[in-house]
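The structure appears below as structure tokens.
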Number of protein chains: 2
Amino acid sequence: MSKAAKTDNNKDPKGRKRATSYDVAELAGVSQSAVSRVFQDGASASQAMRNRVMTAADTLGYRPNAIARGLITQRSNMVAVVISKLTNLYYPEVLVQLTQRFSEHDVRVLLFALEHEGDTGTVIEQMLQYRVDGIVTAAMFTPEQIKTINNARIPLVFYNRTPRDQLVSSVRCDQEEGERWLVDELVNAGHKTFGIVAGPPDSAVGIAREMGALNALAEMGVTDITTVSGDYGYETGRECFAQLVQKRGSPPDAIIAGNDVMAIGCIDAARENYGLKVPDDISIVGFDGVGPARYAAYDVTTVRQPVLRMTQSAASMLIERIENPELSPEKRAFSGRLIRGSSARLHSEDA
Amino acid sequence: MSKAAKTDNNKDPKGRKRATSYDVAELAGVSQSAVSRVFQDGASASQAMRNRVMTAADTLGYRPNAIARGLITQRSNMVAVVISKLTNLYYPEVLVQLTQRFSEHDVRVLLFALEHEGDTGTVIEQMLQYRVDGIVTAAMFTPEQIKTINNARIPLVFYNRTPRDQLVSSVRCDQEEGERWLVDELVNAGHKTFGIVAGPPDSAVGIAREMGALNALAEMGVTDITTVSGDYGYETGRECFAQLVQKRGSPPDAIIAGNDVMAIGCIDAARENYGLKVPDDISIVGFDGVGPARYAAYDVTTVRQPVLRMTQSAASMLIERIENPELSPEKRAFSGRLIRGSSARLHSEDA
DNA sequence: CCTCGGTTTGCATCCGAATGCAATACTGCC
DNA sequence: GGCAGTATTGCATTCGGATGCAAACCGAGG
């Protein structure tokens, strides 16, 4: 009787309602649990049952409702991916890679794009409400936010940022090491005066790179350093170059830019606005190894991040922790690869 | 009694279970419906009730479960966004814009990234299972797939592709018009022989552009046309240039590339491998108006897509149709903007 | 033919919030 | 003070599928 009632309110004016497992069960003359079992992996169901159910399901166009399933299983099979500053040419690649890695594990990606890395507040609330099974973030969270996420027992992996003093998992490219390589090479090649075009102040990666460069320069005994900062964009790179020159009266021997795009901006400014030859008059290096850095007109000397390995790690670390929440946090740092482009005179080129 | 049972099985070994509206209700001494109402927009609840519930909710760290809500309201508040070929430098921008537009309407984005535009099969199944409220796709679907989606009554908006003979909504940049502009200008500037570097054969946009260019060329009476095709990438652009030259024995007067990145590849190949001056010896034009097209070393003549307006349209068209499923399909085409870079000699520059 | 071990299947219940309806509380007004 | 009218609140049910448990079934061996 109660079952009959269920079919009664199918009075969708224009077209049939979406088929449910009950509808399929009825048509196939079996129980709803049977339908449920047929659509699961390791559930027990005879071949005959499978056939009947599948036939009925096909004629009704039935598809299991992932929302309902998520409610009962306490698994949404969705992970949140948080990105910011997509203008940074580098993240799109990361994003697609991540999505593909996750989809290999039958996990969907709920995307959160932040205008600025600071806008994390509301986003966290959203992620929690949607009961995502895990989070990969390429934006920094505050300690309280991290605590909130931990309390909700949602596995969390930071991408290219590692909060200080926090017990969290992260995957990153070793920015400091990369900057050290660049600095070593530049200093050994005879560059004495340096300009740094840092990233925006709210970028964790930018800060890591800037500090890495500054520390390396200090260790090498370099003191003539001028710093300006941009927003990772091309235009900003051009402007920063001008600022640098103005600030110190003349162009430095070398410029260390916070990413490749700004490096490209610097190169164009140096050539167009100051008639400088790169790398003869000035060396300019970037970071990331994005596509445009390989364009012949720039051929930027840079450190390429191992995006594939990093995204694979992030995805698998997260999935491991979703399946086994007891796993302790883990931090993985990958070395980048120094790419000796022709935008800088480097030491070992003559080796 | 049944309520008491509910609190009993809270035996989470390590830490409390996630708070539900029942927990909050109990602590606040009110009914579950009251809690539900407090967390809704237009529901009736006294101020006193609001305070009590909110206090209880805060101490428990309660957040409404969007999954459960979706089950009962038949609204997931999620839309699927399908993209392919993210290698195309242009889509990341689209993606972020879309995500932000949707989040303004409190709609989340479930991301599906296709390796190739053809891999749509499984993705559609996923979207339907997750009961997304709508779909924006930057990949082409087959007529059967479209029918499946229509049967499920899920609003669908195509981005930059308009299936032939299908009653669907779409937002696109008028590729044909843009190509016509480019062709007109090039022909009027005296270019006689043309090379076309088309996009991959499974790209709907690529085909539209290629056809647009060919039609325009035919109308202008141009017959010396050589076509090759690439995958939208930089390297492919370089290779295509070589192929073009080889195929016809010498470089054409002008090259029309399927996108800016390939145009850049062509420019580099022309300069580096053939010692040609751009635009003195050869004109090269692209399409999209991506960031790198503006780099000083290339300054590509191109047609810029009005991404902001297009994404806004796509988002609002979709949301309108989610809220009012009876709305009939609508196709919007936006004109791009011709950008007269220095990679081509154009007619009207002397005007 | 009956019994035993192993599969299949169905029953009943649960996940967490939304909502129609009825009961109740509160308001203003005569 | 009493009453109509509105604003709150609670009750019970619903969304669609998963799952523990017990009943039913199957084939093989005695």
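Heavy atoms only: backbone and side chains are in, while hydrogens, waters and symmetry mates are out. Everything numeric in this text was worked out from a predicted model, so none of it was measured. Here is how names work: the chains are called A, B, and so on, in the same order as the sequence lines, proteins then strands, and each is numbered from 1.
What separates CD1 of Ile72(A) from C1' of dA18(D) is a distance of 5 Å, to the nearest Å. Atom CG of Leu128(B) and atom P of dG17(D) are 13 Å apart (whole Å). Atom CD1 of Ile67(A) and atom P of dC14(C) are 23 Å apart (whole Å). Separating the CZ atom of Arg52(A) from the C1' atom of dT9(C) is a distance of 12 Å, rounded to the nearest angstrom. Rounded to an integer number of Å, the gap from CD of Gln47(B) to P of dT9(D) is 10 Å. Atom OH of Tyr22(A) and atom C1' of dG10(C) are 12 Å apart (whole Å). Between the CD atom of Gln129(B) and the P atom of dG16(D) there is a distance of 15 Å, rounded to whole Å. Atom CZ in Arg18(B) sits about 15 Å away from atom C1' in dA17(C), given to the nearest Å.
Contacts of Gln145(B) classified as side chain to side chain contact (heavy atoms under 4.5 Å, CB included), with partners at least two apart in sequence or in another chain: Thr120(B), Ile124(B), Phe141(B), Thr142(B). In this structure, Tyr159(B) has no ring pair (Phe, Tyr, Trp, His ring centres under 6.0 Å) partners at least two apart in sequence or on a different chain. For Asn77(A), the side chain to side chain donor-acceptor pair (under 3.5 Å) criterion is met by no residue, not counting sequence neighbours. In terms of the side chain to side chain contact (heavy atoms under 4.5 Å, CB included) criterion, residue partners of Asn150(B) (sequence neighbours excluded) are, by chain and number, Ile146(B). Residues meeting the ring pair (Phe, Tyr, Trp, His ring centres under 6.0 Å) test with Tyr130(B), sequence neighbours left out: none. By the side chain to side chain contact (heavy atoms under 4.5 Å, CB included) test, Asp106(B) is found to be paired with Gln126(A), Arg108(B), residues two or more places apart in sequence or in another chain being considered.
Comparing the local axis fitted to the first five base pairs of the helix from dC1(C)-dG30(D) to dC30(C)-dG1(D) with the one fitted to its last five gives a bend of 40°, rounded to 10°.
When distances are taken from the side chain of Gln32(B) to each of dA17(C), dG16(C), dG10(C), the shortest belongs to dA17(C). Considering only the side chain of Arg69(A), dG17(D) comes nearest among dG17(D), dC15(D), dA17(C). Here the nucleotide nearest the side chain of Val30(A), chosen from dA17(C), dG10(C), dG17(D), is dG10(C). Checking dG16(C), dG17(D), dC11(D) against the side-chain heavy atoms of Leu71(B) singles out dG16(C) as nearest.
Look at Glu144(B) and Lys147(B) and you find no salt bridge, because none of the NZ, NE, NH1 or NH2 atoms lies under 4.0 Å from a carboxylate O.
Phosphate proximity of dA17(C) to Tyr62(B): present, with a side-chain N or O under 4.0 Å from OP1 or OP2. For Ser46(B), a side-chain nitrogen or oxygen approaches OP1 or OP2 of dT9(D) to under 4.0 Å. A close approach under 4.0 Å does not occur between any side-chain nitrogen or oxygen of Gln74(B) and OP1 or OP2 of dT14(D).
A salt bridge (Lys or Arg N to Asp or Glu O under 4.0 Å) check over residues 68-82 of chain A, counting only residues at least two apart or in different chains, returns nothing.
Atom NZ of Lys331(A) has more than 12 heavy atoms from other residues, nucleotides or ligands within 6.0 Å.
Near-neighbour residues of DNA chain C inside residues 33-40 of chain B, defined by a heavy atom below 4.0 Å, number-ordered: Ser33(B), Ser36(B), Arg37(B), Gln40(B).
Of the N and O atoms on the side chains of Arg321(B) and Ser169(B), at least one donor lies less than 3.5 Å from an acceptor on the other residue.
Annotation: of the two residues near DNA chain D, Ala45(B) and Arg131(B), the 5′-most nearest-nucleotide partner is Ala45(B).
Counting non-hydrogen atoms under 4.0 angstrom, Arg50(B) reaches nothing in the nucleic acid.
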